[in-house]
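What follows is a short report on a single structure.
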Amino acid sequence: MARGPSCSGVEIAVHIINGRAKAAQIEEVTHTRVEALKLRGVEPALAVILAGDDPASQVYVRRKIASCARTGIRSIEYRLAASAGEEEVLDLVDRLNRDGAIHGILVQLPLPPVISANRVMDAIRPDKDVDGFHPVNVGRLSTGGRGLVPCTPLGIMKLLDGLITDYRGLDAVVIGKSNIVGKPVAMLLLEREATVTITHIETRDLPAIVRRADIVVAAAGAPGLVRGDWVKPGAVVIDVGITRVDVPDGRTRLIGDCRIDEMDHARAVTPVPGGVGPMTIACLLANTLTAAERAADG
Ligand code: GUN
């Protein structure tokens with residue numbers, strides 16, 4: 001069991017899930033598979049499109065490109081001005097769709113407000129949609145098919161699978177109904193036969209619902225929302241929240257949705273940062289490789 005310091009500096013006995021270590025393991029496996037594919041004459045390649053100058057998006061894209069380099073995946077970054085129109089993005093997606101040397105296409109969100117994210121996602125070929133956001137991949141996820149699965153939910157399941165072998169009948173509560181995390185992770189938990197409740201901003205008596213949960217996935221983007229007394233002893237808590245807040249000395253800090261300093265009665269919790277975040281990028285690379293392998297296998 002890992003031990004970690006609480007905010008008060010008191011040692012707590014809860015298992016702190018090490019997302020960085022797990023992500024590094026996944027990257028290692030990906031690297032080995034990339035080398036094997038290169039021996040077959042295929043170099044996996046990811047195209048990343050960044051439109052506009054959102055600072056957080058720039059950081060995320062930089063991290064994704066750096067991870068590609070670590071695993072041997074070729075990355076090509078396309079930067080479009082904030083003034084780029086929808087046609088420009090759609091033309092680029094169309095060109096990348098038809099380029100046989102590109103296996104994955106990622107359009108970083110959010111897009112500038114004049115561009116419809118749905119229209120852009122719908123334009124990406126489903127077999128190159130490494131984000132798993134295309135309606136075909138969403139459909140395959142809900143029918144148990146062989147699509148590409150959104151990266152953060154996939155990463156969450158890899159962390160949970162390290163702790164739980166049999167999900168059947170477990171109560172899982174997902175906080176947040178986003179297309180990127182809440183809905184797809186609920187589908188994956190359902191696939192493993194957990195009993196899944198999706199909650200959202202209008203849900204009544206959220207603490208009472210969370211208290212029933214064996215698994216809590218908090219993806220509300222509400223810093224410190226989930227308190228220790230909401231969490232059942234022995235529950236596994238996955239914190240997807242990542243909000244940058246100002247702290248007194250003029251610096252900023254990343255804060256999750258869960259008060260894990262109040263959760264030493266939980267079985268395991270993910271920290272912020274260093275929990276789910278690194279898994280998202282590791283799973284993006286794994287998805288790119290999967291897309292390249294499937295293309296090579298025909
Ligand atoms: N912006 C925030 N999260 C994501 C993600 O998972 N994929 C993309 N493309 N953009 C994002």
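In each ligand, atom 1 is the first atom listed, and ligand 1 is the first ligand listed. Fair warning: this is a prediction, and the values are worked out from it, not measured in the lab.
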Shell of residues surrounding ligand 1, defined by a 4.0 angstrom heavy-atom cut-off that is strict: L106, V107, Q108, L109, D131, F133
Beyond-backbone contact of I76 with I102, side-chain heavy atoms, under 4.5 angstrom: yes
Electrostatic pair K128:D99 at N-O distance under 4.0 angstrom: no
Contact check, side chains of V149 and M157, non-hydrogen atoms, under 4.5 Å: no
Note, P135 side chain near D122 side chain (heavy atom, < 4.5 Å): yes
Side chain to side chain, V269 and I16, heavy atoms closer than 4.5 Å: yes
D229/R227 salt bridge by N-O under 4.0 Å criterion: no
